[in-house]
Enquirer: 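Before anything else, here's the structure in question.
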Amino acid sequence: MAKGFFISKAVGIVCIVAAVGAVATIIALSVVYSQEKAKNNDSNLQPTKPPPVTKPPGPTTAKPSNELWDKYRLPSNLVPNHYNVTLRPRLTPDASGKYIFTGESSVEFHCAEATNLILIHSHKLTYSPVSNGLLARLTAVNNGDTVPGIESVWLQNETQYLVVQLKGDLTKGNYYILETIFEGELADDLGGFYRSEYTENGVKKVIATTQMEATDARKAFPCFDEPEMKATFDITLIHDLGTVALSNGKEIGQFVLKTKFERTERMSTYLLAFIVSEFDFIQDNSDDIRIFARKPAIAAGQGEYALNKTGPMLKFFEEYYNYSYPLPKSDQVGLPDFPFGAMENWGLITYRETALLYDEEYSSNSDKERIATVIAHELAHMWFSNLVTMRWWNDLWLNEGFATYGEYLGAHQAEPTWNIKDLIVLNDVHRVFAVDALASSHPLSSKEEDIQKPAQINELFDTITYSKGASIVRMMSDFLTEDVFEQGFQTYLKAFAFQNTVYTDLWTHLQMAVDATGTALPQSVNNIMNTWVLQMGFPVVTINTATGDVSQKHFLLDPESVIPVINRAQLVDDAFNLARAKIIQTVQALETTTYLNNETAYMPWASAINNLDYFYLMFDRSEVYGPMQDYLRKQVTPLFNYYKDLTGNWADVPTGHMDQYNEVNAISLACRTDLQECQELTTTWFRDWMNTGVNKIHPNLRSTMYCNAIATGGAAEWEFAWDKFKNTSIAAEVDKLRIALACTKQAWLLNRYLEYALNPNMIRKQDAMSTIVYIANNVIGQSLAWDFVRARWSYIFSQYGSESNSFPNLINGVTERFSTEFELQQV
């Protein structure tokens, strides 16, 4: 049981100490906050995609087209059964300096309805004649079946199709094979079949790797690129001597320059993956689990933590889902360049290095937690997403909500002393409350017809899908009970293995479990859950404890009760969200922070800091900033001293996982509020590193220590950190330094760093947008970043915007402080 926290009636629910000066500051802050909040307006930037280059035969018309090739969804008349794909990536540039790959593909498909048109997805591929000068060849699986001739073949760029017009109809019920020969660019755009680079012992190394989700398998080979179009795949990779080839299946044959892989299970195209690299690996005793990464990283033991935790997590999920892992192997690969944290490719999971590789000397406890949770998230996907897949992207939350919920369960299995399951409240429930309260929110599940274009699909990979999805999964587990919940999703997985579903299929199986166990519910699962899935937002409930009346107000706990730590955090978060919604006064929300000078637990402090970040954004350029700093410095000083004493003047590391996090909070906020002792601490340790070359700062504290030392220092500290950034190969350390470099208060250094951000030789392309956002988070850097983005808009959009999920984060990041009509007009 968590430690209780007792509060008397006389001082209210959360106000333990409320000094007159503190309340006065709060009132002043709330007045200015209300003024600033009233000025805010929503604004959206919708970048325009370039017009299509290739057009179908016939006259151009501005009227809406009814041609199938002008629609973004595939017709249902052709259903893929199996692919044979051979690819050869070139890891050295051609005479023009371009990296390319070539390929051959044949897809066997079933004709469900007679048609004289074949539509198959293709994007940024060029085709060579297969026979008789045509760009495709069509044959029948059964030799006796009639095959219509091909009349014409063309690319429909806007809707990303290879269109094959036939001279006659395909016969309903027959199976056919479409063959193509093609070439694509192995670009550094982080999508489809792409190129990643790194330096090893002074030599540039090139990797050919993939990221297919959501709609980029079509950039690697022509395919029916929709989740419901599941098929099996035979993959063959032709590659240079000295390189290793990987794909979803196990290797079944390796020749001089060719690696062939086992046929996959029936799966969606977005889960396909293949890699050619010079990576090394470690494996478990069964040889079924392997960790791949750069050779120096493997040699340094950075894959050991992931290897040791993957097996137990897989076994946990097999028991939890009551379904054996469906594949013969699980490869996990850390990539130097990767657009997301990780991707659940079936049997070949790909990660950013920081999400897979752990180094005891450089990685913090938060780095270790991230690795554990990301691995658990991806392994949970092996069932929810890969074995059973949503029918269309409008139900993406079925994949990501369950995987996000599952990441806490899997990580708890790996690290049971962390109590990590409680952190879903901070990381997801609280996080999504702030987003789902906005008018720009959206329901978890949309209509299929509203989600058609690749850009619309990419927009779904957001906080609502992940965090609200996880939150309602957690809610179902609570109100159904975990046993009933497990019974329902276990029968769901068995019923739809290797198939596709819609969310109501899950409701049906949960209802079956409710009925089988005699569980009492006020309404059906369908009726209860549709209110959460089909509409955006969440209810606010007030219970009058005197009358028993229930209304749409705020719920309050009995002030005489013990308030556990998780509920103290919830009270703070609820209060600020209610204030933003103008249900309670802002001063009431701010009053919840007055007791914090007596609080030492992590979750309430994290909740308060997360919410106070908005005040920093609104006030750090205003006259209220000084009083706000004074107030928060007063509140955090006892916490800073608490950890100073607990750690023996910062010599030891707190034993608890949450305590280690809160030590970082104490130092970070103390330095942020200009507590002199904190600034002296960070400066002294950083300069000791500069003078001796020995970094004595514990990995847990490096992020905040680096940032505050660079902020307090000048050019010497920045140049030292930049040199370390360029010459460090440990991914976790590289990230800490990259983020800290944005903390300097020197405008000329921030301008230099902005220029570096768009130079792939200085900052990896995967990190460019986030680096600009970190600079914008700095009050000195915000206007510099905004001007920089506007000046480089065309270049940034062409290189990072049209197909990047990180681009919306850039827009939000550089405008996050905007709060006036004048700033709105600039947008």
Side-chain angles (χ1 to χ4, degrees), residues 187-190 194-200 202 204-206 335-339 352-354 362 686 689-690 702-703 705-801 804-817:
D188 62 350
D189 58 0
L190 308 180
Y194 73 91
R195 181 179 87 255
S196 175
E197 298 177 357
Y198 64 99
T199 300
E200 187 174 292
K204 185 174 82 169
K205 303 288 186 179
V206 177
L335 296 167
D337 295 289
F338 194 68
R352 279 198 182 201
E353 289 187 336
T354 51
Y362 291 93
F686 196 83
W689 182 23
M690 293 174 66
R702 287 182 181 178
S703 292
M705 289 282 186
Y706 292 174
C707 177
N708 285 291
I710 290 171
T712 306
E717 286 78 7
W718 198 94
E719 294 289 359
F720 175 80
W722 175 254
D723 180 69
K724 292 296 181 184
F725 169 78
K726 293 300 292 180
N727 292 287
T728 300
S729 61
I730 308 298
E733 183 73 357
V734 167
D735 242 24
K736 291 179 178 69
L737 289 163
R738 180 176 64 86
I739 295 167
L741 285 163
C743 297
T744 180
K745 301 303 182 185
Q746 305 292 321
W748 68 276
L749 288 171
L750 292 172
N751 273 323
R752 177 204 285 182
Y753 201 27
L754 285 166
E755 295 291 343
Y756 287 177
L758 297 187
N759 183 343
N761 294 321
M762 298 290 193
I763 300 293
R764 289 192 175 278
K765 201 166 184 178
Q766 67 173 16
D767 297 323
M769 297 298 97
S770 63
T771 299
I772 296 173
V773 171
Y774 285 125
I775 294 169
N777 288 343
N778 183 334
V779 64
I780 305 297
Q782 190 276 325
S783 60
L784 304 177
W786 172 235
D787 291 342
F788 180 80
V789 168
R790 286 190 297 170
R792 304 296 184 87
W793 178 259
S794 296
Y795 176 80
I796 291 173
F797 180 71
S798 66
Q799 293 295 310
Y800 301 92
S804 170
N805 287 53
S806 64
F807 195 69
N809 295 332
L810 172 69
I811 306 303
N812 180 65
V814 298
T815 60
E816 204 168 17
R817 278 187 174 82

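Residue numbers count from 1 along this sequence.
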Enquirer: Step by step, would you call Arg764 with Ser196 a side-chain hydrogen bond (donor to acceptor under 3.5 Å, both in side chains)?
Expert: CA-CA 10 Å; Arg764 289 192 175 278; Ser196 175; 4.7 Å; no

Enquirer: Test Met769 against every option in Ile772, Asp767, Thr771 by the side-chain contact (heavy atoms from CB on, under 4.5 Å) rule and name the one that passes.
Expert: Ile772

Enquirer: Hey, does Ile796 have a side-chain heavy atom less than 4.5 Å from the side chain of Leu758?
Expert: yes

Enquirer: Is a donor on one side and an acceptor on the other found under 3.5 Å between the side chain of Tyr194 and the backbone of Asp337?
Expert: yes

Enquirer: Below 4.0 angstrom, N of the basic side chain to O of the carboxylate: do Glu719 and Arg752 qualify?
Expert: yes

Enquirer: Is it the case that the side chain of Tyr706 and the backbone of Arg738 share a donor-acceptor pair, with hydrogens and angles ignored and the cut-off at 3.5 Å?
Expert: no

Enquirer: Compare all side-chain heavy atoms of Ser703 with those of Lys736 and state whether any distance is below 4.5 angstrom.
Expert: yes

Enquirer: Under a 3.5 Å distance rule, please check whether Trp718 uses its side chain to pair with a backbone N or O of Ile710 as donor and acceptor.
Expert: no

Enquirer: Evaluate the side-chain proximity of Phe686 to Thr712: yes if any heavy-atom separation is below 4.5 Å, no if none is.
Expert: no

Enquirer: Kindly say whether Asn777 contributes a backbone atom to a donor-acceptor pair with the side chain of Gln782 at under 3.5 angstrom?
Expert: no

Enquirer: Check Arg702 with Glu733, please: is the shortest side-chain N to carboxylate O separation under 4.0 Å?
Expert: yes

Enquirer: Would you check if Leu190 and Arg195 make a side-chain contact, meaning some heavy-atom pair closer than 4.5 Å?
Expert: no

Enquirer: For the pair Thr728 (side chain) and Ile730 (backbone), establish whether a donor and an acceptor sit closer than 3.5 Å, ignoring hydrogens and angles.
Expert: no

Enquirer: Glu353 side chain to Phe338 main-chain N or O, any donor-acceptor pair under 3.5 Å?
Expert: no

